[in-house]
Amino acid sequence: MSSIRVRFAPSPTGYLHVGGARTALFNWLMARKQGGTFILRIEDTDVERSTQESVDAILQGMEWLGLDWDEGPYYQSANFPLYKEHVQGLIDSGKAYKCYCSAGELEAKRDLAMKEGRKPKYDGTCRQRADQPPNDPFVVRFRAPQSGVTSFDDLVKGTITFPNEELDDLIIQRTDGTPTYNFCVVIDDAIMDITTVIRGDDHVNNTPRQVQLYEALGFPVPQFAHVPMILGADKTRLSKRHGATSVIAYRDMGFLPEALMNYLVRLGWSHGDDEIFTREEMIQKFDIANVGRSASVFNPDKLLWLNAHYIKTGDPERLAKLLIPFLKERGIDPKQGPDLAAAVRTLQERARTMIEMADAIKFYYHPPAAYDEAALAKFGKDHLGAVYQAVSDKLVSTPASTAAEYDSVFKDLCTEQGWKMPQVGQPVRIALSGGTQAPGIGEIIVVLGKEETLQRLAAIIRKL
RNA sequence: GUCCCCUUCGUCUAGCCCGGCCCAGGACACCGCCCUUUCACGGCGGCGACACCGGUUCAAAUCCGGUAGGGGACGCCA
């Protein structure tokens with residue numbers, strides 16, 4: 001049994017967006033699951049719109065997600081001579097012909113057809129043309145069958161059949177001599193021995209044309225798997241106006257790659273009621289047969305939930321490393337202050353993104369510049385001085401080193417003084433962090449250290 | 001307009017191929033309660049869907065037909 005070969009073939013006209021990433025993911029999963037080969041191919045036949053920056057952005061996105069490829073990146077632009085050769089071959093065998101209709105004429109005919117409610121397809125003007133004006137610009141068209149049907153068995157959608165009357169003679173080479181997409185994919189997929197073409201279902205309509213080309217060229221037709229689109233909240237194709245679509249933008253918003261991967265794999269695919277998948281589990285459980293047939297709406301809330309999950313269960317040391325750039329942006333140098341991983345640990349259950357984590361972690365590195373006055377007022381500013389002093393004294397006189405030990409220091413103090421816990425805990429939280437939303441008091445003190453804690457208590461006493 | 005595809009809670013989905021276990025299960029979100037020194041986490045519970053109409057059948061979310069709605073394609077873009 002020969003092993004499968006799949007490919008992800010983005011065109012470098014922008015960054016890697018979530019739709020593309022999921023297509024890449026399904027390809028990668030299929031290859032990894034079956035021990036096949038995952039190929040990356042850059043479809044840059046549109047010289048005008050293709051840029052190196054886009055190529056870099058796409059590679060960066062894939063690397064961030066951990067979608068490693070086995071071959072490539074190959075560039076279609078490197079294959080131009082090969083395409084030309086095949087175009088000529090098709091012309092020689094009468095399966096393609098030169099068309100001298102101008103782009104303007106064609107456009108006018110198309111508009112007219114649309115207006116009259118007809119299918120806007122090429123009318124075949126040059127199909128039987130005998131003369132070949134030597135100096136006129138021309139395109140090359142594929143001579144497509146005009147009757148019968150073309151069908152293929154799609155791995156996710158089942159058998160799809162198109163009447164050939166619907167398909168016109170598509171252009172395979174432009175006036176400037178460059179080949180077009182539908183032709184290049186076929187040649188490339190054929191010469192790269194691609195066994196399974198997994199791509200977005202916006203390509204279903206291209207498939208019958210490609211099948212015809214495979215046949216005309218004498219290449220074996222690969223298997224196809226068209227995965228449904230990803231839609232925005234308004235159920236139209238996901239685009240910038242729905243918010244971030246770039247994979248890298250999600251990184252910058254503080255998402256973890258494993259969270260995005262997990263989110264993406266569940267969009268259109270499922271394995272029973274499972275929601276959380278490690279990379280290994282995805283690979284092990286993935287089956288293209290379980291990919292759904294209908295489009296799905298991108299749900300940022302669920303992504304956020306997954307991200308929270310991975311932050312909660314992640315390794316603090318790793319999270320600390322990932323957090324550093326976010327801290328830098330906020331002018332925090334994690335070397336000046338408590339151990340970052342220790343600080344991270346106290347916020348893992350409280351932050352849903354690295355941004356939230358970075359914002360919440362600030363107070364460990366900078367003493368509060370201001371206090372939540374409204375909250376302070378609630379506890380009666382007059383008594384606060386005594387409370388802080390008592391806490392400070394108790395801390396000095398009682399040995400403690402773990403969060404639990406510090407917590408019991410506070411409990412003991414409350415018992416001794418007849419205070420209620422919230423009356424002490426909240427003010428102390430404000431003294432240490434500036435506000436009322438923070439990790440547990442004991443946890444904070446352990447991270448901050450007793451010395452710093454006492455200093456912050458002294459500071460607030462001075463300001464009362 | 002024409003062709004192709006799709007249609008289970010607001011959203012992601014299980015179930016559908018091989019009808020009965022489904023007066024439809026899970027997850028996100030939302031609401032309530034519990035836990036709790038704050039905020040969270042967590043636990044428990046609630047809300048909430050088989051697009052519609054016909055047919056087949058003892059029995060249909062599951063099979064068949066139609067209707068409606070949505071998406072996609074119709075490019076010398078990919």
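Below, read A as the first sequence line, B as the second, and so on, with proteins coming before strands; counting in each chain starts at 1.
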Select one nucleotide: of B/C6, B/C4, B/C76, the one nearest the side-chain heavy atoms of A/Lys157.
B/C6
OP1 or OP2 of B/C5 versus the side-chain N and O atoms of A/Ser294: is any pair under 4.0 Å?
no
Looking just at side-chain N and O atoms, do A/Thr45 and A/Arg174 make a donor-acceptor pair shorter than 3.5 Å?
no
Look through every strand shown and name the nucleotide pairing with B/C76 as Watson-Crick or G-U wobble, where both distances are under 3.5 Å.
none
By nearest atom, which of the nucleotides B/C4, B/C76, B/C12 is closest to the A/Val297 side chain?
B/C12
Kindly point out which of B/U37, B/G72, B/C6 is positioned nearest to the side chain of A/Pro422?
B/U37
Select base, sugar-phosphate, or nothing to describe what A/Val139 touches, counting heavy atoms under 4.0 Å on all strands.
base
Any side-chain N or O of A/Lys312 below 4.0 angstrom from OP1/OP2 of B/G42?
yes
Within residues 405-413 of chain A, residues whose heavy atoms come under 4.0 Å of RNA chain B:
A/Asp407
Tell me which nucleotide among B/C6, B/U38, B/C76 gets nearest to the side chain of A/Thr180.
B/C76
Please produce a list of atom pairs where a protein N or O lies less than 3.5 Å from an N or O of nucleotides 63-66 of chain B.
none

Among the nucleotides B/A78, B/C76, B/G71, whichever has the atom closest to the side chain of A/Thr236 is B/G71
Would you say the side chain of A/Ile355 lies within less than 4.5 Å of the side chain of A/Arg330, judging by non-hydrogen atoms?
yes
With a 4.0 Å heavy-atom cut-off, tell me which residues in residues 164-175 of chain A come close to RNA chain B, sorted by residue number.
A/Glu166, A/Ile171, A/Arg174, A/Thr175
Taking the same atom, C1', in B/U11 and in B/C47, what whole-Å distance lies between them?
15 Å
Protein-nucleic acid N or O pairs under 3.5 Å, nucleotides 25-33 of chain B:
{"unit_1": "B/G25", "atom_1": "N2", "unit_2": "A/Asp273", "atom_2": "OD1", "d": "2.8"}
{"unit_1": "B/G26", "atom_1": "N2", "unit_2": "A/Glu275", "atom_2": "OE2", "d": "3.0"}
{"unit_1": "B/A27", "atom_1": "O4'", "unit_2": "A/Glu275", "atom_2": "OE2", "d": "3.3"}
{"unit_1": "B/C28", "atom_1": "OP1", "unit_2": "A/Trp305", "atom_2": "NE1", "d": "3.3"}
{"unit_1": "B/C28", "atom_1": "O2'", "unit_2": "A/Lys302", "atom_2": "N", "d": "3.3"}

Say you pick atom P in B/C9 and the same atom in B/C5; how far apart are they, in whole Å?
22 Å
A/Arg279, CZ: over 12 other non-hydrogen atoms inside 6.0 angstrom:
yes
Sugar-phosphate means primed atoms, P, OP1 and OP2; the rest is base. With that split, encode nucleotides 15-21 of chain B 5' to 3' as B, S or - using protein heavy atoms under 4.0 Å.
-------
With the threshold set at 4.0 Å, does a side-chain nitrogen-carboxylate oxygen contact exist between A/Arg350 and A/Glu443?
yes
Could you work out the separation of B/U62 and B/G25 based on their C1' atoms and round it to a whole Å?
15 Å
Does anything in residues 96-107 of chain A pair up under side chain to side chain donor-acceptor pair (under 3.5 Å), and if so which pairs, sequence neighbours excluded?
A/Tyr97-A/Asp169
Can you see whether A/Gln76 engages A/Asp188 through a side-chain donor-acceptor pair at a distance of less than 3.5 angstrom?
yes
Smallest heavy-atom separation, A/Gly292 atom then A/Pro228 atom, equals O-CG, 3.1 Å
Rounded distance (nearest 0.5 Å) linking atom CD1 of A/Ile230 with atom NE2 of A/His17:
9.0 Å
Test applied, ring-ring contact (aromatic ring centres under 6.0 Å, His included); reference residue, A/Tyr263; option that passes from A/Tyr310, A/Phe277, A/Phe298
A/Phe298
